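Written below as structure tokens is the structure these notes are about.
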Number of protein chains: 2
Amino acid sequence: MKKITIKDVAARAGVSVSAVSHVLNGYSDMSATTVEKVQTAAKDLGYVANSAARQLSSKKSKTIALILNEINVARGVAMPLEIISGVIDYLDKTDYEFVFYATNTEKQAHKTLRQFCDEHNISGVIIQGLRVTDPYYHELEHFTLPTVAIDMNIRNKRIGTVSIDNETAAFEVTERLQASGYHQILFVNGGRKAAVSHERESGYRKSVTKPSVIFADFREQVAFDLIFALFSAEKKPIYDAIFAASDLMAIGCLKALKKLDLASQIAVVGFDDITLTSYFTPTITTVHQDVKTIAESAAKDVIEHIEKGIIKHTIVGYEIVVRESAAI
Amino acid sequence: MKKITIKDVAARAGVSVSAVSHVLNGYSDMSATTVEKVQTAAKDLGYVANSAARQLSSKKSKTIALILNEINVARGVAMPLEIISGVIDYLDKTDYEFVFYATNTEKQAHKTLRQFCDEHNISGVIIQGLRVTDPYYHELEHFTLPTVAIDMNIRNKRIGTVSIDNETAAFEVTERLQASGYHQILFVNGGRKAAVSHERESGYRKSVTKPSVIFADFREQVAFDLIFALFSAEKKPIYDAIFAASDLMAIGCLKALKKLDLASQIAVVGFDDITLTSYFTPTITTVHQDVKTIAESAAKDVIEHIEKGIIKHTIVGYEIVVRESAAI
DNA sequence: CTGAAAGCGCTTACAG
DNA sequence: CTGAAAGCGCTTACAG
């Protein structure tokens, strides 16, 4: 089964290769008969242009790279998948191609972002999951290709961003906890390598007078251990509520509290609204962010950057979802 | 920031373009000094070969396409993500490129698999999630490119396959239920469009004498409704156990049973071992399949097909994980 | 409105 | 061991 090329189409239509190219790329100055002949020939043959050849010959490629860092750190967190499908769904409506690239710290050391983009003729990138210590994070500070970063803050005016307003969301959660009578709120943060952690903590700090922050590395088990140790200590902690920077850590906290039979006394709030939150017992009060919308906005924004040079900083709405773990 | 090409490397190294190409592609018949010069020049310039050009000029491309159908049907099911990272992890150790393509019934109607592969110079494909009614499913019956299908049965000797032994696993679960004293087992199947459902049901049927099968379309809510209706009917059903063909449906069943306060009396077993199973109350007894291993095997097998012409039908091990919902 | 021709950045026989 | 040249399948000025 030989691949069929533009020459085959030209031969069957009885026109030149350039005529075929013109027609298929929608140039308007073609006679109706030529258009007709080319289109039926292409259809009969099931012709599809070879993308490598098209990229090579054409100056401007039309491909957006979605670059996700460390996609499989935590089981049960489907965020990468939602980003992927959000971006794909948006790009499907355009004539941009989608390319997916999963990276990690090691790969970043082998090949720069720039190199990757040159290699694959990338015209725009959407990137997520970088920690401030990652090589690409630094590279982005001087990066010139149209780029949109999800959930990240880059010191580079030319990088677009999309995320919810993490600080305000965290502030609002903390305020509502206090309005509901909780005044000793422990903040369980992940770590400060992720921009979002920093912002969430900052929102919390803006609301309370005497902040207490501990770090659980975004891991359920670490959160469990920390909370279990804290609440089983001889000197009981004063906290009446826990606000965790991620749902998985909130689950860790709740498991510890359940084991100590304290789950009904301490309010727990998570962040992200992963699927688990509504299946866990108790169901978990959390901040819902619509990842699909975030991803689609990112796709929309890179294309706008590419085509119109507009750099956007998009804030997507969030929603506090009240469930059993905290009535706020 | 101009892209740097092979010419730039040649110029800087003071050799011809072909010499650069030879060195960078590891041809052995180059003088040590040339190799040296080329390598430092390439390194200094941060040169990476343009993949489009490479693909065009070279006969054989080295890219594997992972094609996933309907990736975002069910929240909480991270299987597509595990397949993606399994395939990527394996390919990273080879010199094959990874290309990801998410499809659905509509896209399949617009562009054939063959067209997609020609367009992108694909040398091998890994495919998952097709239903027997999908256009690509039919196309695969006469497909000639090296292909490995995950969890699918294609009537085409040339298509490799990877999956667990679904029939045996289902048989074993049913046997163990009976050995544990459950003799009225209801099988909640998804639908027969997926090969796995068919096999799982068949394993169940091999074990029981009087099979009872209902269909819940792989959906939690449908399973819930069905079970709730069944067990709240005037005439109580005789079932003492439910075996669902997917964990999500098992959860739907358990939610219905919990609502009717029957969860402790009826054993429930799921299938797949998604993350939710260990967080739900009760935790769910299920058949664990190691998706990562399945994905890696698929990658390994396509490459073996491409390079040695060997077509494999790989069976990956499964494990019955006993949790609270059924002590078997 | 249409075609011949150059060129995109590589790889690969082929000479030497 | 090394280089000149053809060619991969397209697109895009450029003539006409």
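These figures come from a predicted structure and were not determined experimentally. Quick note: numbers below take in every heavy atom, side chains included, and nothing from hydrogens, waters or symmetry partners. To find a chain, count down the sequence lines: A is the first, B the second, and so on, and within it residues start at 1.
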Those residues that, when tested against [X], pass side chain to side chain donor-acceptor pair (under 3.5 Å) (two or more places apart):
X: B:Thr161; value: B:His313
X: A:Asp8; value: none
X: B:Thr133; value: none

| message | Reading 5' to 3' and counting Watson-Crick or G-U wobble pairs with both distances under 3.5 Å, write the dot-bracket notation for DNA chain D, | for bases paired outside the strand. | response | |||.||||||||.|||

Name the atoms and distances for all side-chain donor-acceptor pairs under 3.5 Å in residues 297-307 of chain A, with sequence neighbours left out.
residue  : atom : partner  : partner atom : Å
A:Ser297 : OG   : A:Thr293 : O            : 2.8
A:Asp301 : OD2  : A:Thr314 : OG1          : 2.6
A:Glu307 : OE2  : A:Tyr96  : OH           : 2.8

| said: Give me each pair satisfying salt bridge (charged side-chain N to carboxylate O under 4.0 Å, His left out) with a member in residues 36-57 of chain B, each pair once, sequence neighbours excluded. | reply: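 Checked against salt bridge (charged side-chain N to carboxylate O under 4.0 Å, His left out) - neighbours excluded - the pairs reaching residues 36-57 of chain B are B:Arg12-B:Asp44.
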
| query | Pairs in or reaching into residues 147-164 of chain A: which pass salt bridge (charged side-chain N to carboxylate O under 4.0 Å, His left out), with residues at least two apart or in two chains? | reply |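 Output for this query lists A:Glu141-A:Arg155.
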
| Is B:Thr34 touching bases, backbone alone, or none of the nucleic acid, heavy atoms closer than 4.0 Å? |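 Sugar-phosphate: the residue B:Thr34, judged by heavy atoms under 4.0 Å, touches backbone atoms but no base.
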
Ignoring hydrogens and angles, write down the donor-acceptor pairs under 3.5 Å from the side chains of residues 99-106 of chain B, residues two or more places apart or on other chains.
residue  : atom : partner  : partner atom : Å
B:Asn104 : OD1  : B:Glu106 : N            : 3.1
B:Asn104 : OD1  : B:Lys107 : N            : 2.8
B:Thr105 : OG1  : B:Arg131 : NH2          : 3.4
B:Thr105 : OG1  : B:Asp134 : OD1          : 3.0

| Heavy-atom protein contacts under 4.0 Å, nucleotides 9-16 of chain C, coded B base, S sugar-phosphate only, - none | BBBB----

| said: Whether the side chain of A:Gln115 engages the backbone of B:Val48 through a donor-acceptor N/O pair (distance < 3.5 Å, no angle test) should be reported. | reply: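 Checking the backbone N and O of B:Val48 against the side chain of A:Gln115, no donor-acceptor pair under 3.5 Å is found.
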
